[in-house]
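Predicted model only: the values in this text are computed from it and were never measured. In what follows, every chain begins at residue 1, and chains take the letters A, B, ... in the order their sequences are listed.
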Number of protein chains: 2
Amino acid sequence: MATGRTHRPATRSRGIPEATVARLPLYLRALTALSERSVPTVSSEELAAAAGVNSAKLRKDFSYLGSYGTRGVGYDVEYLVYQISRELGLTQDWPVVIVGMGNLGAALAGYGGFASRGFRIAALIDADVQLTGRLIAGLPVRHADELEGIVEDNQVSIGVITTPAGAAQEVCDRLVAAGVTSILNFAPTVLTVPDGVDVRKVDLSIELQILAFHEQRKAGEELESSLTAPPVAAKAVRDGGRRPGPDGDVPAVMPA
Amino acid sequence: MATGRTHRPATRSRGIPEATVARLPLYLRALTALSERSVPTVSSEELAAAAGVNSAKLRKDFSYLGSYGTRGVGYDVEYLVYQISRELGLTQDWPVVIVGMGNLGAALAGYGGFASRGFRIAALIDADVQLTGRLIAGLPVRHADELEGIVEDNQVSIGVITTPAGAAQEVCDRLVAAGVTSILNFAPTVLTVPDGVDVRKVDLSIELQILAFHEQRKAGEELESSLTAPPVAAKAVRDGGRRPGPDGDVPAVMPA
DNA sequence: CCATCTTTGTGCACGCGTTCACAAAGACAT
DNA sequence: ATGTCTTTGTGAACGCGTGCACAAAGATGG
């Protein structure tokens, strides 16, 4: 999962398992699509297929929310949309600030999936004065100096960080100090936050690396021989730690 | 986890648990930073802190790769960088195509984290003829008609989909037919792929929804009374759930 | 060469999440 | 009403992942 919780050992919130919470948005999306097609009811089997999960898992997930289905029939689409929305807190609107108006920040600012789910962009923020005032997705970019004021005035509790890695921790600290208690971090850094603040991170390059691992494995299964050397013998060699230029050429280290 | 595996029940690849694989890029990033500061060795405790994980977990993760540490000393930074890179398959270079040159696609095209880890953008592709030939991050946008040719000529095995949801499945099918076996999907849809093809998805709005859930819970703990009604009784009551605002009124629907 | 001190590598136990499989519940027809 | 048929909701078993706690390994100093 590109995704990843940072702190806290997967607490079970109000009896709803973390894993279930993470799937609710998936169900919600599938249900919304059904709703738009005016489908009145759906069985766990059908909905599970649409959401890409096992039907038993889906039923168990829903059982944590309550008994919302009708045996022999299935689930009422509209009703379930409402229940899940309420459970996720999407029936209220959440002001959000996005800090860092590079390509990614701009992309998020224009992302339709936010507004339609109760998230309202309270402000776009960047430290570059060149950008101040410029319109992105119809909203003016505000300068980083205004960060604290914006957060407090709008009662912002969710912040999105799309700055370069170097600036992320400082921005995070300022957001938290101003009252933000949930952070979505796109910068490739580990953020340190006080207790009570949730951080979720999305790292684009990590996802690709995981794919590369599996891809390599697939390729390796066909050849299955070459230098898939035993890692055990490696230990003895232990090179003198020559370190090449930045961003490294491959070390000529070669176990065994 | 923003991330999410789509298919396959968490196979254990070559003895390395999925969860460990997902953390390797994290360690690699922390190690690269140490390497740039010319730190020769690092203990599991220090590295774990830098990567934001438990030190016992880190040691266990490394133990799946082999015995690369020295007791009483720690791990050789350069050596470990190389071993992890090799394990993840980052010592070879992976041609990647990005399909869908909207804001997000453009952001990814310009993302530095790719090139520095062995991913080479083979082509940027979009269906809009208006975009064809235009330069994004120094690369010319190619038309979707060329997709199959590009994939085959460059032996591309990894594809990134940043199209609108409606186009994603078709693009996916074409990529797979042309030879792609790993897909990173940013479109908010469930992709169906044949066996042997890996899909990872990143859904920006899902992450926010998970944060909203926890945020709501935090807010609810202080008031802890109002309509946090027991879901059991709810069934009978089944409120007429008025939900204001655009984007669909709330179902006055009521099963049973 | 021996003693001490640091840090790894891992056996073990525990808890969460997943899946199976089935009884209970309700719709629907007769 | 009664029986059949569909689909939910969940008890129970299993497997993976996590974290503790410690023995083994090696470095370092005398």
Pairwise N/O distances under 3.5 Å, protein to nucleotides 21-24 of chain D:
residue, atom, partner, partner atom, Å
D:dA21, N6, B:R59, NH2, 3.4
D:dA24, N3, B:R71, NH1, 2.7

Please enumerate all protein N or O atoms sitting under 3.5 Å from an N or O of nucleotides 11-14 of chain C, with distances to 0.1 Å.
residue, atom, partner, partner atom, Å
C:dG11, O6, B:K60, NZ, 3.2
C:dC12, N4, B:K60, NZ, 3.2

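Residues A:L47 and A:L58 are in side-chain contact: their nearest non-hydrogen atoms beyond the backbone lie under 4.5 Å apart. B:C172 is listed as a side-chain neighbour of B:V176, based on a closest heavy-atom distance under 4.5 Å. Using a 4.5 Å cut-off on side-chain heavy atoms (C-beta onward), A:Q216 and B:E87 make no contact. The shortest distance between side-chain heavy atoms of B:F186 and B:D203 does not fall below 4.5 Å. A 4.5 Å side-chain heavy-atom check between A:L65 and A:I84 finds at least one atom pair inside the cut-off.
Look at OH on A:Y68: it is 18 Å from C1' on C:dA25, rounded to the nearest Å. In this entry the distance linking CZ of B:F62 with P of C:dT10 reads 14 Å, nearest Å. Remark: P of C:dT8 and CD of B:E46 are 9 Å apart, rounded to the nearest angstrom. One interatomic measurement links the two molecules: CG of B:L47 to P of C:dG9, which rounds to 12 Å at whole-angstrom precision. One atom, CG of A:D76, and another, P of C:dA27, lie 13 Å apart when rounded to the nearest Å. Taking atom CG of A:N54 as the reference point, atom C1' of C:dA21 lies 12 Å away to the nearest angstrom. Across the protein-nucleic acid pair, A:D61 atom CG and C:dT19 atom P stand 11 Å apart, rounded to whole Å. In this structure, A:K57 places its NZ atom 22 Å from P of D:dT7, rounding to the nearest Å.
Note on A:T70: every side-chain N or O is 4.0 Å or more away from OP1 and OP2 of C:dG26. The shortest distance between the side-chain N/O atoms of B:S43 and the OP1/OP2 oxygens of C:dT7 is not below 4.0 Å.
Tested against B:Y27, the residues B:L80, B:V81, B:T20, B:V53 include a single side-chain contact (heavy atoms from CB on, under 4.5 Å) partner, B:V53.
The 5' end of DNA chain D is approached more closely, in terms of each residue's nearest nucleotide, by A:G72 than by the other of A:S63 and A:G72.
With D:dA27, D:dG9, D:dT18 as the candidates, the nucleotide lying closest to the side chain of A:S67 is D:dG9. Among the nucleotides C:dG17, D:dA27, C:dT8, the one closest to the side chain of B:Y75 is C:dT8.
Between B:Y111 and B:F114, the distance separating the two ring centers is shorter than 6.0 angstrom.
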CA sep, side-chain torsions, deciding dist, call: A:W94, B:E215, side-chain contact (heavy atoms from CB on, under 4.5 Å):
CA-CA 10 Å; A:W94 296 98; B:E215 197 60 41; 3.3 Å; yes
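Across B:T189 and A:R29, no two heavy atoms sit closer than the pair N-NH1, 3.4 Å.
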